[in-house]
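The block underneath contains the structure these notes are about, expressed in structure tokens.
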Amino acid sequence: MQHSRTDILILGSGGAGLLAALHAKQARPELDVTIAVKGLLGKSGCTRMVQGGYNVALDPRDSIERHFMDTIRGGSWLPNQELAWRLVTTAPERVLELENRYGCFFDRNPDGSIHGKAFAGQTFDRTIHKGDLTGIEIINRLAEQVWAHDIARLEEHRAIQLVPSRDGERIAGVLTIDMRTGDYRFVQAKAVLLATGGGPTMYRYHTPSGDKSCDGMAMALRAGLSLRDSEMLQFHPTGLLAGEGKRLTGTVLEEGLRGAGGYLLNGAGERFMLAEEKAERATRDVVSRAIFNEMRHGRGTASGGVHISMAHLGPDKVRAMFKGMVERCADVGYDLAGGLVEVVPTAHYMMGGVEVSIDCETALAGLFVAGEDAGGVHGSNRLGGNGVANSTVFGGIAGDVMAAWVPGAGTFAEPDPTIIETARARAEHPFAGAGGDLNGLRARLADGMWEDAGILRDRAGLERARAMLDDLGAELRQTGIADGGRAFNLTWHDWMNLESQLLASRAIVAAALAREDSRGAHYREDFPEPGDLENSYFTRVRLHDNEMTVATVAVEFTRVRPGESLIPEERAA
Ligand SMILES: Cc1cc2nc3c(=O)[nH]c(=O)nc-3n(C[C@H](O)[C@H](O)[C@H](O)COP(=O)(O)OP(=O)(O)OC[C@H]3O[C@@H](n4cnc5c(N)ncnc54)[C@H](O)[C@@H]3O)c2cc1C
């Protein structure tokens, strides 16, 4: 096993990871900062895939209070209000920093101000963007900055275990696998940031990048940390339905299409969203449920989805506004500007994640979490545009906080050797068994989660999902890898992906069973009411002796109570 040392180790190179590295280095240039990433820096993760844009209250007619209230109401009063407040108050300075320090350039209005577009569930058009492929602009510029500064990189290094000190009091480092050679590398660090970006890839249709398999949440659970809001799993309503087995199936078609006035039509050509107050511009949870309802009642298209139609807005205008989306649809034979495109709800984002303070701290000293791995900002439903804001805002905060924390942390902590050995034995386990059908296992997981722990849930389905996950877990332990090589053995990594996905799925199902009401993305057909908003609670999941335990914890309304508002005009009324 190889060893290396760094003051600050950052896991993941999405918006959270890159901002953290840049902030830490800027605050304390003398510290060693290292990014370890499962993929390639600048090429992996979901921030690069961000299409629609970034929510920020910049327009004088908008306000931070309005952005905050949209976030709290969108999240059905479940967000941690201090985290949400930190998000909305820091986003304006982060956007200016992205442009003025790192060189991003967002689209402009004729007067030179940054253009904000309409996104669902928001009372102001505050989603700033670079065309309809915003994430490429952000990640390219951030990656250039990281390359230009003295920040070490361990690319294609997969983190597999958070390793505490011998006394268990603080983090000592992280065990990784160098995917290129298959060698284990222990990276000793004084501070570690978990920024591996969640990623609900355990569902039949999903949007996140293939390198994401909930490794961060699985590592956090194994390290004894608690996750909150795990049942809150966002489906994006308009995933491309390219056809059975096609790689682009599930890829998201951005929310701005509905924001701009796109129609959703069922198989009979009817607009089925008209009963909703905001029609197609309702929040993602509402639209996903409506589409799912059409599908399961046989009112879908021939391939089983529904259609999105933009042609009434004028094909030239659609081509100008949504160049990236038009090209993506054309890749699979659809004419987005002038025709109909088949879409299906697709698993998109995990609102749940590790419980953190507003400074990204966790219960384990020296371990910080930011981005989609952290829970609490979004409650039951993330607004489109609040995801990349969340990862860049809290990534930057984590970088500052770690840089301030390290000088007081003393010497490097010695790692607990038993934890390292147990993690290695777990990773080596599949090499001891005969080959098996990993693809079949993955397909059963994807179908089971889609059917029983997806958009519409009830106790019977969730119990089925729980039993399925137990069975698949046992089968995975029996499933070996026929080819024993370690260097770039993607079957091995598939095996570990499944292990992480199964653990994260168990957390989702346990929390979904515990929440006997319907809020945001979590809809229980056997408990369709939202429950008493004043007595809102969140779920807290922990792993103990390989059993998931769930507690419910009261939400603290630290800034505003249900029925109240921070928006001056609403308060006056
Ligand atoms: C198609 C798509 C479109 C989206 N559009 C928008 C949008 O318009 N607006 C918006 O606000 N949000 C959008 N989102 C959500 C947004 O991308 C995420 O909220 C956000 O970018 C997550 O940032 P992150 O830094 O937490 O994770 P990511 O950007 O996903 O980065 C995670 C990093 O961790 C690495 N990693 C994973 N596992 C390991 C491991 N075991 N060891 C080491 N490294 C690991 C990955 O390789 C990657 O580098 C979109 C998401 C998708 C999938």
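Remember, it's a predicted structure, so these values are computed and weren't measured experimentally. One-based numbering, in listed order, for ligands and for the atoms of each.
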side-chain contact (heavy atoms from CB on, under 4.5 Å) test vs L22 passes for just one of E97, H149, R101, namely H149
ask   = Would you say ligand 1 has an N or O under 3.5 Å from any N or O of M219?
value = no
Quick note on ligand 1: atoms under 4.0 Å from a heavy atom of G39 include exactly 47 (O)
Distance-only N or O hit between ligand 1 and S13, under 3.5 Å: yes
Identify whether NZ of Lys or CZ of Arg in R141 sits under 6.0 Å from the centre of the six-membered ring of Y102 and within 45° of that ring's axis.
-> no
Distance-only donor-acceptor check, side chains S213 and K38, under 3.5 Å: yes
Looking only at protein heavy atoms, what sits closest to atom 23 (O) of ligand 1 is T47 OG1, 3.1 Å
Between G17 and ligand 1, does any nitrogen or oxygen pair lie at a separation below 3.5 Å? no
Closest heavy-atom approach to atom 9 (N) of ligand 1 among G53, G384, G52, G387 is made by G53
message: Under a 3.5 Å threshold, yes or no: a donor from one side chain and an acceptor from the other, between H236 and Y349?
response: no
_Is the ring pair F235/Y203 parallel, tilted or perpendicular, if the boundaries are 30 and 60 degrees?_
perpendicular
Looking only at heavy atoms, the pair that brings A347 and P200 closest together is CB-O, 3.7 Å
Judged by heavy atoms only, the candidate from V174, V252, T207, L253 nearest atom 53 (C) of ligand 1 is T207
Problem set entry | Pair Q234-N381, side-chain donor/acceptor within less than 3.5 Å | yes
Exercise for the section: Establish, yes or no, whether the cationic atom of R486 lies under 6.0 Å from the six-membered ring centre of F488 and within 45° of the ring axis. Expected result: no
the protein heavy atom lying closest to atom 44 (N) of ligand 1 turns out to be K38 N, 3.1 Å
Among non-hydrogen protein atoms, atom 26 (O) of ligand 1 lies closest to E372 N, 2.9 Å
- Query: Of all the heavy atoms in H157, does at least one lie under 4.0 Å from an atom in ligand 1?
  - Reply: yes
Atoms of ligand 1 under 4.0 Å from any heavy atom of A195, numbered from 1 in the order shown, are 32 (C), 33 (C), 34 (O)
Atom 13 (C) of ligand 1 has as its nearest protein heavy atom V50 CG2, 3.6 Å
Logged contact type for Y54 with ligand 1, heavy-atom cut-off 4.0 Å, is neither
Q. Should the ring pair H115 and H129 be called parallel, tilted or perpendicular, given that the plane angle runs from 0 to 90° and is split at 30 and 60?
A. perpendicular
Nearest heavy atom to atom 40 (C) of ligand 1, choosing from A159, G385, S391, A36, belongs to A159
shortest atom 46 (C) of ligand 1-to-protein heavy-atom contact is with D211 OD2, 3.1 Å
the protein heavy atom lying closest to atom 35 (C) of ligand 1 turns out to be G12 CA, 3.7 Å
_For the CG atom on D331, are there more than 12 heavy atoms of other groups (residues, nucleotides or ligands in this structure) within a distance under 6.0 Å?_
yes
For G371, the ligand 1 atoms with a heavy-atom partner under 4.0 Å come out as 26 (O)
Centre of F124's six-membered ring, under 6.0 Å away, within 45 degrees of the axis: is that where NZ or CZ of R66 sits? no
If the contact criterion is a heavy-atom separation under 4.0 Å, does R382 count as touching ligand 1? yes
If we number the atoms of ligand 1 from 1 as shown, the ones under 4.0 Å from a heavy atom of G14 are 25 (O), 28 (P), 29 (O), 31 (O), 33 (C), 49 (O)
| query | Is the shortest side-chain N to carboxylate O distance from E156 to R180 below 4.0 Å? | reply | yes
In I358, T71, V393, the residue satisfying side-chain contact (heavy atoms from CB on, under 4.5 Å) with L83 is I358
among protein heavy atoms, the one nearest atom 27 (O) of ligand 1 is G197 CA, 3.4 Å
So the atoms of ligand 1 within less than 4.0 Å of a heavy atom of A16 turn out to be 25 (O)
Nearest heavy atom to atom 17 (O) of ligand 1, choosing from C46, S209, G256, G135, belongs to C46
Nearest non-hydrogen protein atom to atom 41 (N) of ligand 1, with distance, is D215 OD2, 2.8 Å
- Does the separation of the ring centres of F431 and W495 fall below 6.0 angstrom? no
Check your understanding: Would D285 and T283 count as having a side-chain donor-acceptor pair, cut-off 3.5 Å?
Key -> yes
If we number the atoms of ligand 1 from 1 as shown, the ones under 4.0 Å from a heavy atom of N386 are 11 (O)
In terms of its nearest heavy atom to atom 50 (C) of ligand 1, the top option of H348, M49, Q51 is H348
Counting from 1 in the order shown, the ligand 1 atoms closer than 4.0 Å to a non-hydrogen atom of K212 are 28 (P), 30 (O)
